[in-house]
Amino acid sequence: MKCPFCGSTNTQVKDSRDTIDETAIRRRRECPDCGGRFTTYEHVQLQDLTVIKKNGERVPFDREKLLRSISLAVSKCGISSFEVERLVEEIRRELENSGISEITSKSIGEKVMDKLITINKVAYIRFASVYKDFKEVKDFEEFVSKINS
């Protein structure tokens, strides 16, 4: 594993343990060259997923990108990082278990929104504002009125 601080490939695992939900292995690593410490996670991957973006470009599914976007939406909403990890893992497993190797970014966004509305409506609206590319206040108003009706 390459050190994120100095780029050395001579890192050592200092501690390994299962995550709380037992879907990954958390490894604490240390770089003997610079002394930097960092954490990595090892997840089971059933199949390679390809995401078809709005412009037609095909890119590999990036779990970390999904994690970042959901984390942004739920920040300051009282949702723990454990819950976010569980949500991301749940979505990833659903995508892999679907048997489809290519999935649209729209489908992923819809899955996230379906999950977020049951967890926290503010996070749902925050995610939707980016996902649906709200431009004006009226876009928010229309979206929120649909939720409340």
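If you're wondering where the values come from, they're calculated on a predicted model, not measured in any experiment. Start at 1 with the first residue, then count along the sequence.
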Shortest non-hydrogen contact from Ala123 toward Val74 = CB-CG1, 3.7 Å
Any side-chain heavy-atom pair from Lys106 and Lys54 closer than 4.5 angstrom?
-> no
Nearest-0.5 Å distance, CG of residue Leu116 to CD1 of residue Ile79 = 7.0 Å
Could you point out which residue of Glu42, Arg27, Arg26 forms a side-chain hydrogen bond (donor to acceptor under 3.5 Å, both in side chains) with Ser16?
-> Arg27
Would Glu142 and Lys146 pass as an ion pair if we require N to O under 4.0 Å?
-> no
Not counting sequence neighbours, which residues clear side chain to side chain contact (heavy atoms under 4.5 Å, CB included) with Asp33? List them please.
-> Cys6, Ser8, Asn10, Cys31
Glu141: what forms a side-chain hydrogen bond (donor to acceptor under 3.5 Å, both in side chains) with it, not counting sequence neighbours?
-> none
Rounded to the nearest 0.5 Å, how far apart are CD1 of Ile25 and OG1 of Thr19?
-> 8.5 Å
Atom pair CZ/OG1 of Arg28 and Thr40 - distance to nearest 0.5 Å | 9.5 Å
Side chain to side chain contact (heavy atoms under 4.5 Å, CB included) partners of Glu89, counting only residues at least two apart | Thr23, His43, Arg63, Arg92, Arg93
In chain order, what residues pass the side-chain hydrogen bond (donor to acceptor under 3.5 Å, both in side chains) check against Thr9, with sequence neighbours excluded?
-> none
Linking I/L/V/M/F/W/Y whenever their side-chain heavy atoms sit closer than 4.5 Å, directly or via other members, would Leu72 and Val88 fall into one cluster?
-> no
Are Tyr41 and Leu87 connected in the hydrophobic side-chain network, where two residues link if heavy atoms are under 4.5 Å apart?
-> no
Under the ring pair (Phe, Tyr, Trp, His ring centres under 6.0 Å) test, which residues partner Tyr124, sequence neighbours left out?
-> Phe143
Indicate the atoms forming the closest heavy-atom contact of Ala128 with Met113, along with that distance.
-> CB-CE, 3.8 Å
Go through the steps to decide whether Ile91 and Ile70 satisfy the test side chain to side chain contact (heavy atoms under 4.5 Å, CB included), and finish with yes or no.
-> CA-CA 11 Å; Ile91 291 168; Ile70 293 174; 4.2 Å; yes
Would you please name every residue forming a side-chain hydrogen bond (donor to acceptor under 3.5 Å, both in side chains) with Asn55, sequence neighbours left out?
-> none
Heavy-atom closest pair (Ala73 atom, Cys77 atom, distance to 0.1 Å) is O-SG, 4.0 Å
Salt bridge (charged side-chain N to carboxylate O under 4.0 Å, His left out) involving Lys111 - partner list, sequence neighbours excluded = Glu94
Are any of the side-chain heavy atoms of Leu67 and Glu85 separated by less than 4.5 Å?
-> yes
Which ILVMFWY residues are connected to Met1, directly or by a chain of links, through side-chain heavy atoms under 4.5 Å apart?
-> Phe5, Phe38
Quick one: do Thr50 and Val59 satisfy side chain to side chain contact (heavy atoms under 4.5 Å, CB included)? Show the steps, please.
-> CA-CA 6 Å; Thr50 301; Val59 296; over 6 Å; no
Residue set satisfying ring pair (Phe, Tyr, Trp, His ring centres under 6.0 Å) with Phe82, at least two apart, ordered chain then number -> none
Distance (rounded to the nearest 0.5 Å) between Arg86 CZ and Ile119 CD1 = 6.0 Å
For Arg29, enumerate each residue passing the salt bridge (charged side-chain N to carboxylate O under 4.0 Å, His left out) test, keeping only those at least two apart in sequence or located in another chain.
-> none
Option passing side chain to side chain contact (heavy atoms under 4.5 Å, CB included) with Leu95 (candidates Val51, Ile103, Ile100) | Ile103
Rounding to 0.5 Å, atoms CD1 (Ile125) and CZ (Phe134) come to a distance of 8.0 Å
Here the salt bridge (charged side-chain N to carboxylate O under 4.0 Å, His left out) pairs for residues 119-133, sequence neighbours left out, are Asp133-Lys135
List for me each residue that meets side-chain hydrogen bond (donor to acceptor under 3.5 Å, both in side chains) alongside Ser98, sequence neighbours excluded, and say none if there are none.
-> none
Heavy-atom closest pair (Tyr131 atom, Ser105 atom, distance to 0.1 Å) is CE1-O, 4.3 Å
Establish whether Val112 and Ile117 are linked, either directly or via other cluster members, by ILVMFWY side-chain heavy-atom contacts under 4.5 Å.
-> yes
Between Ser71 and Val84, the two heavy atoms sitting closest are OG-CG1, 3.6 Å
